[in-house]
Student: 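Mind having a look at this structure? Questions to follow.
Model, not experiment: these values are computed from the prediction. So you know, we letter chains A, B, ... as the sequences are listed, proteins then strands, and number each from 1.
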There are 2 protein chains.
Amino acid sequence: MSKLGIKDIAARSGVSPATVSRTLRNPELVNKDTRKKVMKAVRESGYTPNRFGSSLRTQQSGNIVVMMPDITNQVNAGIIRAIEVEAQKTGYSVLLGDTQGQEARERHYAQMVSSGQADGILLYTHRLPFDLDNLTANLPPLVNGNESIEVEGLNKVMVDNVQGAKDGVNHLVALGHRRIAAVLGDNNAPSNRERLQGFQQALQQAGIEPDEQYLVQGDYTTESGMKAMEALLKLRKRPTAVFCFNDDMAIGAMSVLREYGYAIPGDISIMGFDDIRYASLMNPPLTTIHQPLEEIGQASMRLLLAQLSGKNSAPQHIQLPLQLVVRQSTGPAPESD
Amino acid sequence: MSKLGIKDIAARSGVSPATVSRTLRNPELVNKDTRKKVMKAVRESGYTPNRFGSSLRTQQSGNIVVMMPDITNQVNAGIIRAIEVEAQKTGYSVLLGDTQGQEARERHYAQMVSSGQADGILLYTHRLPFDLDNLTANLPPLVNGNESIEVEGLNKVMVDNVQGAKDGVNHLVALGHRRIAAVLGDNNAPSNRERLQGFQQALQQAGIEPDEQYLVQGDYTTESGMKAMEALLKLRKRPTAVFCFNDDMAIGAMSVLREYGYAIPGDISIMGFDDIRYASLMNPPLTTIHQPLEEIGQASMRLLLAQLSGKNSAPQHIQLPLQLVVRQSTGPAPESD
DNA sequence: CTGAAAGCGCTTACAG
DNA sequence: CTGAAAGCGCTTACAG
């Protein structure tokens, strides 16, 4: 049998193609008996409307594209899974845009909207994938998530990184730590700057003098966490606590401490950020800041859906709370020195 | 400006739409000068061909759909990332089909091919998402990866689970272990059955009597690994080594051992399967069987591409090797008993 | 409530 | 090498 078309269903049920189309898309416009006849033919034949035809006509693809720097990252994976659930509920499909931090890839995926392959973009990278020219005027339907881009008029779903970092520091301070180091994430990431800001504010509020040597640059990878920890161990006055700006770096740092025979938290407390799935399974379980991945994905998708359905309200900015999760990788500051 | 179409470019460059189309798709059919004129107009105007038009005409979407039970799983995430890289090279885009093990979702994503939304399927679930009727006759372009489905004529990309499990057991036997337990994965997963098969074969070859109490059912989740480990600890004759059929369960098992104060590998050796990104960062680093995720993704996509380009050869079955990675979670069997 | 007709934006077989 | 024309499969404004 050749591919079934709307005309075949029309013939089978003795109505016009127009009526078949209406039955499928706007059943309330069709007489109940007619509807039944058509639905019967559809069911019996196993007809599925061809997407190309309807897309060409309606100029809607029913797809959205999710742009993320790395899908194998647990945070991103958790978010995209929530997006997919929400998308499916409303009949949308999700195109995967793993950008690997490459601008060419970002542009490639952004193109999908102009070519009609996607109706909107969920953007979790830290820059817009368009030429900046007269862009702000006619942005495609887009929601910026996690990494806040400094452009007017963007819909955003963010997380309170400043407060999250403060909560982390306050926890360490309450445990008696004064020599608190930070392992920073990717320098280009707004999330990193926000976490640093919260970190510094909390230290100041605790009356702790900022100390440059306790700020080590990382890039959110486990490897960078390992390197940073090694650098910190070489310091004459070692920190008693290390706040890594994500869990991957914290896990890297912990593996270095284990290798050198330091006790966690006996000698050094370690704190992460994200609460990835493996954080609670570390040895010791990692104290960290929990990210509401499901809520981020869900809120992003809903905001995009609102735009796609033409609600042209002012850009929204949703900010979700983070939560400190205390486990065993942090403890009282050692009394020694 | 309204949306740019092929007619606009035709007008701008003084040729027919047909020639614009040829220039973009089959430039070798077009005179060099004409080509230049057209490309200039395309460049200056920023024209991107509308996908709906070409798709309707060619009956190709340029998308493929990847069906996986859980995208947040490190193994799946690694595979889909490799798929995406390979797809992009050839101009294909990847639709995400996170099935969550639900048959309704599997069918939904399978539908994409009949509706034209996708040209082919990469299937990493353990069953076909179609009615079995007269199906085998006209299967859509499809590659079955990782979880081998028992249906004639499927293209497959698999991993040698039997040999992988054997290598694992042999390593433990070489360390002097005789009481070797297994924590099994999802009962429905062919991968689990294959690993069990290799496990049992290797025990037999080592002359070790099979012991039912050392076979504990899990389901590939960390939680199931924890439960299984607790059950094993209650045994009168505890095993000296536990082979978990994936890393997640091994990580769960390790966290239970830590909680109860057992030394790894001093008291009990733990072995995983997969070599996820965090395996080497565990405390102690996990001995496991490495999966070539990139190769799996790449081979799958290439096989699908071959089908899509009409090479109608006999179904191929690619089997990739696994590799034992010895780290510190396994050691000599304790001499005590 | 239903049908006939136009048209969405391309591509390609055909003719020249 | 190029153009005119048909047509891919739908949807919807219009008319009845």
Student: How close or far is atom C1' of dG9(D) from atom CG of L24(A), stated in whole angstroms?
Tutor: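 Distance, rounded to whole Å: 13 Å.
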Student: Would you kindly say whether N63(A) and Q117(B) are connected by a side-chain donor-acceptor distance under 3.5 Å?
Tutor: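 Yes, because at least one side-chain N or O of N63(A) sits under 3.5 Å from a partner of the opposite role on Q117(B).
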Student: Are more than 12 heavy atoms, taken from residues, nucleotides or ligands other than Q298(B), located less than 6.0 Å from that residue's CD atom?
Tutor: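 More than 12 heavy atoms, drawn from other residues, nucleotides or ligands, come within 6.0 Å of this atom.
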Student: Counting primed atoms plus P, OP1 and OP2 as sugar-phosphate and everything else as base, spell out the protein contacts along nucleotides 2-8 of chain C at 4.0 Å heavy-atom distance: B, S or - for each nucleotide, 5' to 3'.
Tutor: BBB-BBB
Student: For the residue pair Y109(B) / S93(A), report whether a side-chain donor-acceptor contact shorter than 3.5 Å exists.
Tutor: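 Side-chain D/A pair, S93(A) to Y109(B): absent.
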Student: Expressed as a whole number of angstroms, how long is the span from Q60(A):CD to dC10(D):C1'?
Tutor: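 Taking CD of Q60(A) and C1' of dC10(D), I get 14 Å after rounding.
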Student: Give the dot-bracket line for DNA chain C from 5' end to 3' end: parentheses for intra-strand Watson-Crick or G-U pairs under 3.5 Å, square brackets for crossings, | for inter-strand pairing, dots for unpaired.
Tutor: |||.||||||||.|||
Student: Separation of R51(A) atom CZ from dC10(D) atom C1', in whole Å?
Tutor: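 After rounding, the gap between these two atoms is 13 Å.
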Student: If the threshold is 4.0 Å, N to carboxylate O, is there a salt bridge linking R105(B) and E84(A)?
Tutor: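 A salt bridge links R105(B) with E84(A).
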Student: Is the phosphate of dT11(D), meaning OP1 or OP2, less than 4.0 Å from a side-chain N or O of S21(A)?
Tutor: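 Yes, within the criterion.
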Student: Roughly how far apart, to the nearest Å, are dC14(D) and dC10(D) at atom P?
Tutor: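 One P to the other, the span is 24 Å.
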Student: For E295(A), look at atom CD and say whether over 12 heavy atoms of other residues, nucleotides or ligands are found less than 6.0 Å away.
Tutor: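 Yes, because the 6.0 Å sphere around CD of E295(A) holds more than 12 heavy atoms from other groups.
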Student: Take atom C1' in dG16(D) and the same atom in dT12(D), then report the distance between them in whole Å.
Tutor: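 dG16(D) and dT12(D) have their C1' atoms separated by 16 Å.
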Student: For residues 21-30 of chain A, which side-chain donor-acceptor pairs fall under 3.5 Å, sequence neighbours excluded?
Tutor:
unit_1, atom_1, unit_2, atom_2, d
T23(A), OG1, T19(A), O, 2.6

Student: Taking only side-chain N and O atoms of Y47(B), does any of them lie within less than 4.0 angstrom of OP1 or OP2 on dG9(C)?
Tutor: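 Negative; the distance criterion is not met.
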Student: Return the value, rounded to whole Å, for the distance between atom CZ of R25(B) and atom C1' of dT12(C).
Tutor: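 It works out to 10 Å between those atoms.
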Student: Quick check: do I80(A) and L96(B) have side-chain heavy atoms less than 4.5 Å from each other?
Tutor: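 I80(A) vs L96(B): side chains touch.
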Student: Would you say that more than 12 heavy atoms from the other residues, nucleotides or ligands in this model lie under 6.0 Å from the NZ of K7(A), or not?
Tutor: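 Incorrect, the count does not exceed 12.
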Student: Cut-off 3.5 Å, side chains only: do K40(A) and S13(A) have a donor facing an acceptor?
Tutor: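 Absent: no donor and acceptor within the cut-off.
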